[in-house]
> 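Here you go, one structure.
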Amino acid sequence: MTRTITTALIICLLSSFMAQNADAKTYKYDLDGDYSIDPDGTLFLNTDDAEVTIVGEDRSDVLVVIYHECRIEGFRTRGGDDFEMIVTEENGNLRIREADTDGITIVMGSVREIYTVSIRAPKTVNLRIRGEDDDYRIHGFSGDLRLDCEDGDAILYDMSGDHFEISMEDGDLDMEGGNGMLDMSAEDGRITIEEGNFSDVTCDVEDGDIFLSTNLDSDGNYRLNAEDGGIEFTVLDGGGEFRLSFEDGRARASRDFDMVEEDDNYEEYTLDGGEAIVRINVEDGRISLRKK
């Protein structure tokens, strides 16, 4: 009986508190500023659940425009007025991150958020980006890129750098361009990379597909792996040796490729035009080789 009375009292108190705070409240945060960075400096960005656009341009400074709006209907232990971005210029680099918030947020009602980040930076800078549920649109950079995100999609194009490290959990990647090294990993998602000029590729996905088209470097190494999914590898220019392994799957190659070995779960091909080594492995899925 005592427990029942205590529970009922708590419910009544919460209901009373919510009734007193039932009016919808909207909190807004705006940041619009110019910041310095060295031409070969690094731009660090850390966000959570934002729509992010980063553009590389012929400019010497960084324009940062951030808008956050939080509309609360009901009860929330923390208001929307606690959102803040910290921007720090240090040693020729620029760091942009959300301010830390303490405690656990409890919501009884609904919360609607709008969160956009727009950055225009010198096209030569390097990018170090970390996020959780963010979507990205990045283009126009010749520096290195490191992108680490959990749930979200990324679109990259007009990228001419030599070093790309990308780690995603649940999301799709669409990328155009890129040179040098590509190190890519994902859990659930589709990876599409076009018009590459890579000399070293490591690409791993768990549940998803990989579509990669690139020139082959004669001294290059390319390693692609998918567990439950397929891999389509398109050679734009160059040639080499292609070693394909699969468990519950199959492989096929266009007539440009010459088969030199075949077994139950292994096929090997050659393509005139170079001496690159390409290793492709799938567990449950298909492998497709094409020459453009």
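As the structure is a computational prediction, the values presented were derived from the model and not from experiment. Numbers for residues simply follow the sequence, beginning at 1.
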> What's the spacing between D174 CG and D172 CG if we round to 0.5 Å?
6.5 Å
> Membership question, hydrophobic clusters at under 4.5 Å side-chain separation (ILVMFWY): are I54 and V65 in the same one?
no
> How far apart are the C-alpha atoms of T26 and R71, what are their side-chain angles, what is the distance that settles it, and do they pass the side-chain hydrogen bond (donor to acceptor under 3.5 Å, both in side chains) test?
CA-CA 4 Å; T26 300; R71 180 177 175 83; 3.2 Å; yes
> Under a plain distance cut-off of 3.5 Å, with no hydrogens placed, do E98 and Y115 share a side-chain donor-acceptor pair?
yes
> To the nearest 0.5 Å, how far apart are OG in S254 and OH in Y269?
9.5 Å
> Determine whether T88 and L94 satisfy the following criterion, side-chain contact (heavy atoms from CB on, under 4.5 Å), listing intermediate values before the conclusion.
CA-CA 6 Å; T88 308; L94 184 67; over 6 Å; no
> Side chains of L173 and M184: does their closest heavy-atom pair fall under 4.5 Å?
yes
> Side chains of N281 and N225 only: does a donor on one sit below 3.5 Å from an acceptor on the other?
yes
> Is it true that I277 and M259 fall in one hydrophobic cluster, defined by side-chain heavy atoms closer than 4.5 Å?
no
> Does any non-hydrogen side-chain atom of I280 lie less than 4.5 Å from one of L289?
yes
> Any donor-acceptor pair under 3.5 Å linking the side chain of E89 with the backbone of S36?
yes
> Taking all non-hydrogen atoms of both residues, which atom of M168 and which atom of A154 are closest, and how far apart?
CE-N, 4.2 Å
> Does the side chain of F242 reach to within under 4.5 Å of the side chain of T270, using non-hydrogen atoms?
no
> Quick one: does R128's side chain get under 4.5 Å of L43's, heavy atoms only?
no
> Atom CZ of R286 and atom CG of D248: how far apart are they, to the nearest 0.5 Å?
15.5 Å
> Roughly how far, to the nearest 0.5 Å, is CG of L182 from CZ of F164?
8.0 Å
> Check whether any side-chain heavy atom of I129 lies under 4.5 Å from a side-chain heavy atom of D148, and answer yes or no.
no
> Are any of the side-chain nitrogens in R290 or D256 under 4.0 Å away from the carboxylate oxygens of its partner?
no
> Ignoring hydrogens and angles, state whether a donor on the side chain of R223 or T202 is under 3.5 Å from an acceptor on the partner side chain.
yes
> Does CZ in R243 sit with more than 12 non-hydrogen atoms of other residues, nucleotides or ligands closer than 6.0 Å?
yes
> Can R95 be said to sit on top of F44's aromatic six-ring, NZ or CZ under 6.0 Å from centre and within 45° of the ring axis?
yes
> Please answer whether the main-chain N or O of F198 pairs with a side-chain N or O of T214 as donor and acceptor at a distance below 3.5 Å.
yes
> Would you call E84 and R97 a salt bridge, using N to O less than 4.0 angstrom?
no
> Going by an N to O cut-off under 4.0 Å, is there a salt bridge joining E69 and R112?
yes
> Is a donor on one side and an acceptor on the other found under 3.5 Å between the side chain of T124 and the backbone of P39?
yes
> Ion pair present between R59 and D61, side-chain N to carboxylate O less than 4.0 angstrom?
yes
> Pick from L244, L224, I287: which one makes a side-chain contact (heavy atoms from CB on, under 4.5 Å) with F233?
L224
> Dump the intermediate steps for side-chain contact (heavy atoms from CB on, under 4.5 Å) on V52 and T47, then the final yes or no.
CA-CA 9 Å; V52 180; T47 55; 4.1 Å; yes
> Taking the side chain as everything from C-beta on, heavy atoms only, tell me whether D58 gets closer than 4.5 Å to K123.
yes
> Just by distance, no angles: are the side chains of R190 and T192 close enough, under 3.5 Å, to form a donor-acceptor pair?
yes
> Over 60° means perpendicular and under 30° means parallel, so classify the ring planes of H139 and Y157, tilted if in between.
parallel
> State, to 0.1 Å, how close A251 and F246 come at their nearest heavy-atom pair, and which atoms those are.
CB-CE2, 3.7 Å
> Look at the side chain of N265 and the backbone N and O of E247, then say whether any donor-acceptor pair between them is shorter than 3.5 Å.
yes
> Start with the C-alpha distance between I138 and M159, add both sets of side-chain angles, then the distance that settles side-chain contact (heavy atoms from CB on, under 4.5 Å), and finish with yes or no.
CA-CA 9 Å; I138 304 170; M159 305 297 287; 4.2 Å; yes
> If you measure from SG on C70 to NZ on K25, what distance do you get to the nearest 0.5 Å?
11.5 Å
> If I compare all heavy atoms of A50 with all of V117, which pair ends up nearest, and what's the gap?
CB-CG2, 4.2 Å
> Flag yes if V87 and I37 sit in one hydrophobic cluster, no otherwise; membership is Ile, Leu, Val, Met, Phe, Trp, Tyr, and two members link when side-chain heavy atoms are under 4.5 Å apart.
yes
> Do you know which two heavy atoms are closest between D133 and D48, and how far apart they sit?
N-OD1, 3.9 Å
> Just do the side-chain contact (heavy atoms from CB on, under 4.5 Å) check on Y222 and D217 with the steps written out, would you?
CA-CA 10 Å; Y222 306 82; D217 187 286; 3.7 Å; yes
> How close do Y29 and M85 get, counting heavy atoms only, and between which atoms?
OH-N, 3.3 Å
> Where do I191 and A186 come nearest, in terms of heavy atoms and distance?
CD1-CB, 4.0 Å
> Between the side chain of D134 and the main-chain N/O of D49, is any donor-acceptor distance below 3.5 Å?
yes
> Do F141 and V125 have side chains that get closer than 4.5 Å, going by heavy atoms?
yes
> Does D135 reach the main-chain N or O of G152 with its side chain, forming a donor-acceptor pair under 3.5 Å?
no
> Under 4.5 Å between any side-chain heavy atoms of I231 and S288, yes or no?
no
> Looking at T42, is its backbone amide N or carbonyl O close enough to the side chain of N93 to form a donor-acceptor pair, meaning the two atoms are under 3.5 Å apart?
yes
> To the nearest 0.5 angstrom, please state how far the CD atom of E268 sits from the CG atom of D258.
12.0 Å
> Please check: side-chain N/O of D30 versus main-chain N/O of Y67, any donor-acceptor pairing under 3.5 Å?
no
> Quick one: do E165 and R146 make a salt bridge, cutoff under 4.0 Å?
yes
> Please evaluate residues E195 and K292 with respect to the criterion salt bridge (Lys or Arg N to Asp or Glu O under 4.0 Å), reporting the C-alpha separation (whole Å), side-chain torsions for both, the decisive distance (0.1 Å), and the verdict.
CA-CA 11 Å; E195 302 300 326; K292 188 171 181 180; 3.6 Å; yes
> Report yes or no: do L31 and I96 belong to one cluster of Ile/Leu/Val/Met/Phe/Trp/Tyr joined by side chain heavy-atom distances under 4.5 Å?
yes
> For R120, look at atom CZ and say whether over 12 heavy atoms of other residues, nucleotides or ligands are found less than 6.0 Å away.
no
> Please lay out, stage by stage, how Y27 and F83 fare under the test ring pair (Phe, Tyr, Trp, His ring centres under 6.0 Å).
CA-CA 9 Å; Y27 303 89; F83 181 89; over 10 Å; no
> Report, as yes or no, whether the 6.0 Å neighbourhood of atom CZ on R130 holds more than 12 heavy atoms from other residues, nucleotides or ligands.
no
> Applying the side chain to side chain donor-acceptor pair (under 3.5 Å) test to N215, which of N197, D237, N179 qualifies?
N197
> Side-chain heavy atoms nearer than 4.5 Å, only ILVMFWY residues, links allowed to pass through others: does that put I155 and L145 together?
no
